[in-house]
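Letters A, B, ... mirror the listed sequences (proteins, then strands); counts begin at 1.
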Amino acid sequence: MAETLQSLRGMVDLLPEQIALWQHLEAVAREQFRRAGVREIRTPLLEATELFARGIGEATDVVGKEMYSFLDRGERACTLRPEGTASVVRAVIQHSLLGQGPQRLWYGGPMFRYERPQKGRQRQFHQIGLELLGIGEARADVEAIAIAWDLLEALGLDELTLELNTLGTGEDRARYRAELVRWLEAHLEELDPDSRNRVHTNPLRVLDSKDAGTQALLAGAPQLGDALSGESHERFSRVRQGLEALEIPFRINPCLVRGLDYYSHTAFEITSTHLGAQATVCGGGRYDGLVEQLGGPATPAVGWALGLERLVLLLAQRQTIPANSPPPDLYVVNRGEAAEAWALALTRNWRLAGLAVELDLSGAAFGKQFKRADRSGAPWAAVIGDSEAAEGVVVLKDLRGEAGEDRRLKPEAVAEVLAGRPQL
RNA sequence: GCGGGCGUCGCCAAGUGGUUAAGGCAGCGGCUUGUGGCGCCGCUAUACGGGGGUUCGAAUCCCCUCGCUCGCCCCA
């Protein structure tokens, strides 16, 4: 036997058994977006590396060490998209969509990050995301969050926590960052080693340290809230009031810092306690500077992304929906040269009439075929042997009924019987 | 990139140095050459992730390697 091949690390197959769950998820999301007046956009999986470098930020982990990047045959620097927002913004700019007014868009599909796989994290993973472009109102943040929240509720998920924070404007954050770094440098000796490393690479992250000693120390650190302008404060309170008015529960988390550079003002995460270490199901926020940074007109925007693998883990735990695809309506048992040819034609006609029909192609003994018919889960079997083929009739057998007798019917009558309108 | 755990048939799983490596499920064949669900019998070509070593002898011990998995970092 030849050596077997495997999918690449972190690239998983979704087998037929799991597909019903995924399709359910996608259907619920589509319906949610339809109701919310959000249109779908599809962008390429492959983009110029520069798009992500400029959009997400050179210094972030996503860009610095997690991208699937390579040179194509024309020596162009290409990257498999690690997230959706940058591509959507690029497309919106490229096609001047903002000239038509604000854009309410959603996207879905695979994303790629070169990370060590673990629970709820793959190298190829799937996101569904929302972007509201051209709307700067605090109400847009609230609406975006509400759409995500309602989508998760429509999936039957509860025990979710919405965490909320504000990052202020870029200037607010830069001012605070400098202040925080000064303070951290003064207390360098007291920090845990992990946090010490982050003082210069990602100082805001230190606030989120899991080390108890560091957390205690941080009580005396400068607060992001104090560095915010009055306008930023005002804006954040409008977001909070909006959520309260919609009765969407949330928790203020001053340590919540989004990793990507483009965020400003509202930042939020929806987490579950049933996922292990990778608890974030949905993450998002406002990114008012991104469109301009990518060469478009200054445009406020807010959005989020949902991680589908994590949702699937939660749905599978809850057994919210059946995981199997439905059985066929009719199983065609057939044997004999003339019968087999006729069965193929009949199967096609029944399918054209809208029935889900499985044709037994084994040519095996009737007994075997009935066994398979039974296991297929089909409620009915059509039996076609050479005598039926000669007479132009089909034996219709009720596989599930108590006293279901076999009936000899014209093939045209089969669809009627299955539809519950027997015609004798 | 760094830690921990694990790798026996398609799936679950016994076996921890010694004649032919249990068992269950699934699959296939037969009992039953045109009627299934139950039952019985049999099969899945020497299957212990791969390579090397120790030993009279290894799935069982050692080394290396690959893979999976959980966690760190980071993120959805």
Side-chain angles (χ1 to χ4, degrees), chain A residues 1 3-10 12 15 17 56 59-67 82-85 108-130 148 192-195 197-198 201-202 205 208-211 256-260 263 268-272 275-285 303-314 331 333-336 339 360 362-378 380-389 395-400 404-406:
Chain A
M1 197 167 70
E3 194 182 337
T4 58
L5 294 174
Q6 291 196 334
S7 61
L8 293 167
R9 162 172 285 208
V12 303
L15 301 178
E17 215 170 59
I56 300 174
T60 62
D61 277 13
V62 168
V63 172
K65 59 179 201 184
E66 294 173 0
M67 291 205 298
E83 55 106 52
T85 300
M111 307 292 164
F112 303 83
R113 289 184 201 171
Y114 195 92
E115 299 181 274
R116 196 76 176 265
Q118 70 188 69
K119 186 173 184 182
R121 173 199 284 166
Q122 301 295 335
R123 287 182 174 182
Q124 177 178 333
F125 62 106
H126 299 263
Q127 288 186 335
I128 281 178
L130 168 76
D192 64 281
D194 256 1
S195 295
N197 291 333
R198 272 178 272 178
T201 57
N202 204 341
R205 275 274 158 201
D208 211 9
S209 169
K210 290 174 178 92
D211 184 85
L256 175 62
V257 179
R258 312 260 66 232
L260 313 184
Y263 286 109
F268 72 94
E269 269 183 21
I270 299 173
T271 60
S272 164
L275 282 174
Q278 308 305 323
T280 303
V281 165
C282 178
W304 48 252
L306 278 165
L308 299 196
E309 276 74 7
R310 294 176 189 179
L311 283 184
V312 166
L313 283 173
L314 291 176
Y331 191 98
V333 170
N334 61 114
R335 184 165 163 82
D360 194 305
S362 69
F366 281 95
K368 292 294 168 201
Q369 294 198 39
F370 277 105
K371 185 174 273 192
R372 276 193 278 269
D374 186 52
R375 287 188 188 172
S376 77
W380 299 90
V383 188
I384 305 167
D386 283 335
S387 67
E388 285 79 14
V395 171
L396 190 65
K397 182 180 172 61
D398 181 353
L399 291 169
R400 308 294 153 194
E405 270 178 31
D406 294 0

For this session: Compare the aromatic ring of A:Phe366 with the six-membered base ring of B:rG34 and state whether they stack according to the 5.5 Å and 30° rule.
Result: yes
Exercise. Quantified in whole Å, what is the P atom distance between nucleotide B:rG10 and nucleotide B:rA22?
Worked result: 16 Å
For this session: Tell which nucleotide pairs with B:rU19, taking only Watson-Crick or G-U wobble pairs whose two distances are both under 3.5 angstrom.
Result: none
Seminar exercise, completed: Taken to the nearest whole Å, NZ/A:Lys368 to C1'/B:rU33 is 12 Å
Exercise. If you look at every strand shown and take non-hydrogen atoms under 4.0 Å, does A:Gln369 touch a base, only sugar-phosphate, or nothing?
Worked result: nothing
Seminar exercise, completed: Note: A:Leu314 and A:Ser272 closest approach over all heavy atoms is CD2-OG, 3.4 Å
For this session: Dump the intermediate steps for side chain to side chain contact (heavy atoms under 4.5 Å, CB included) on A:Val383 and A:Asp406, then the final yes or no.
Result: CA-CA 9 Å; A:Val383 188; A:Asp406 294 0; 6.0 Å; no
For this session: Give a yes or no on whether the backbone of A:Met111 and the side-chain of A:Glu83 come within a donor-acceptor separation of less than 3.5 Å.
Result: no
Exercise. Of A:His126 and A:Ala277, whose nearest nucleotide on RNA chain B comes first from the 5' end?
Worked result: A:Ala277
For this session: Have a look at A:Glu115 and say if it touches a base, only the backbone sugar-phosphate, or nothing, with a 4.0 Å heavy-atom cut-off.
Result: base
Exercise. Within this structure, what is the CZ-to-C1' distance between A:Arg123 and B:rC75, rounded to whole angstrom?
Worked result: 15 Å
Exercise. Counting any heavy atom closer than 4.0 Å, what does A:Ala365 reach on the DNA or RNA strands: base, sugar-phosphate only, or nothing?
Worked result: sugar-phosphate
Exercise. When you compare B:rC6 with B:rC12, how far apart are their C1' atoms, in angstrom units rounded to a whole number?
Worked result: 16 Å
For this session: Between B:rG34, B:rA76, B:rU33, spot the one nearest the side chain of A:Ser387, thanks.
Result: B:rG34
Exercise. Distance check: side-chain N/O of A:Gln118 vs OP1/OP2 of B:rC70, anything under 4.0 Å?
Worked result: no
Exercise. Across all strands, who's sitting opposite B:rG42 as a Watson-Crick or G-U wobble pair, both distances under 3.5 Å?
Worked result: B:rC28
For this session: Check the distance between B:rG36's C1' and A:Tyr331's OH and give it to me in whole angstrom.
Result: 11 Å
Exercise. Checking all strands, does A:Arg372 fall into the base, sugar-phosphate, or nothing category for heavy-atom contacts under 4.0 angstrom?
Worked result: sugar-phosphate
Exercise. What is the nucleic acid contact for A:Arg116, judged by heavy atoms within less than 4.0 Å: base, sugar-phosphate only, or nothing?
Worked result: base
For this session: Give the rounded distance in Å between these two atoms: CD of A:Gln278 and P of B:rA76.
Result: 11 Å
Exercise. Does A:Arg123 make a cation-pi contact with A:Phe112 (under 6.0 Å, within 45 degrees of the axis)?
Worked result: no
Problem set entry | Side-chain donor/acceptor of A:Arg9 to base of B:rC68, under 3.5 Å | no
Exercise. Checking A:Arg400 side chain against A:Ala378 main chain: does a donor-acceptor pair fall under 3.5 Å?
Worked result: yes
Problem set entry | Between B:rU16 and B:rC62 - C1' atom distance, rounded Å | 15 Å
Exercise. Taking only side-chain nitrogens and oxygens of A:Arg400, does any of them come within less than 4.0 Å of OP1 or OP2 of B:rG36?
Worked result: no
Exercise. In Watson-Crick or G-U wobble terms, both distances under 3.5 Å, what is the partner of B:rU55?
Worked result: none
Exercise. For A:Phe268 and A:Gly303, which heavy atoms make the closest approach, and how far apart are they?
Worked result: CE2-O, 4.2 Å
For this session: Considering only atom P, compute the distance from B:rG7 to B:rU46 and round it to an integer number of Å.
Result: 25 Å
For this session: Would you indicate which nucleotide in B:rU35, B:rG34, B:rC75 comes nearest to any side-chain atom of A:Arg310?
Result: B:rC75
Exercise. Looking for any heavy atom pair under 4.0 Å, which part of the strands does A:Leu399 touch: base, sugar-phosphate only, or nothing?
Worked result: base
Exercise. When the C1' atoms of B:rU32 and B:rG17 are considered, how many whole Å apart are they?
Worked result: 48 Å
Exercise. In whole Å, what separates the C1' atom of B:rG27 from that of B:rC66?
Worked result: 30 Å
Problem set entry | Test item: A:Arg310 side-chain N/O and A:Val281 main-chain N/O as donor-acceptor pair under 3.5 Å | no
For this session: Measure from NZ on A:Lys119 to P on B:rC75 and round the result to the nearest Å.
Result: 21 Å
Problem set entry | base_contact_polar (B:rG1 base, A:Glu66 side chain, donor-acceptor, <3.5 Å) | no
Exercise. Is A:Arg113 touching bases, backbone alone, or none of the nucleic acid, heavy atoms closer than 4.0 Å?
Worked result: base
Problem set entry | Nucleotide B:rC70, atom P - distance to CG of A:Leu313 in whole Å | 9 Å
Exercise. With a 4.0 Å cut-off on heavy atoms, is A:Gly129 in touch with a base, just the backbone sugar-phosphate, or nothing at all?
Worked result: nothing
Exercise. For A:Asp360 and B:rG34, what is the distance between atoms CG and P respectively, to the nearest whole Å?
Worked result: 13 Å
Exercise. Of all heavy-atom pairs between A:Gln369 and A:Ala364, which one has the smallest distance, and what is that distance?
Worked result: NE2-O, 2.9 Å
Seminar exercise, completed: Comparing A:Ala305 with A:Lys65, nearest RNA chain B nucleotide closer to 5' gives the residue A:Lys65
Problem set entry | Watson-Crick or G-U counterpart of B:rC6, or none if no pair lies under 3.5 Å | B:rG67
Exercise. Expressed in whole Å, how much space separates the P atoms belonging to B:rA47 and B:rC28?
Worked result: 22 Å
Exercise. Please give, in whole Å, the distance from B:rG34 C1' to A:Lys371 NZ?
Worked result: 16 Å
Problem set entry | Nearest-angstrom distance, P atom, B:rG5 to B:rU44 | 38 Å
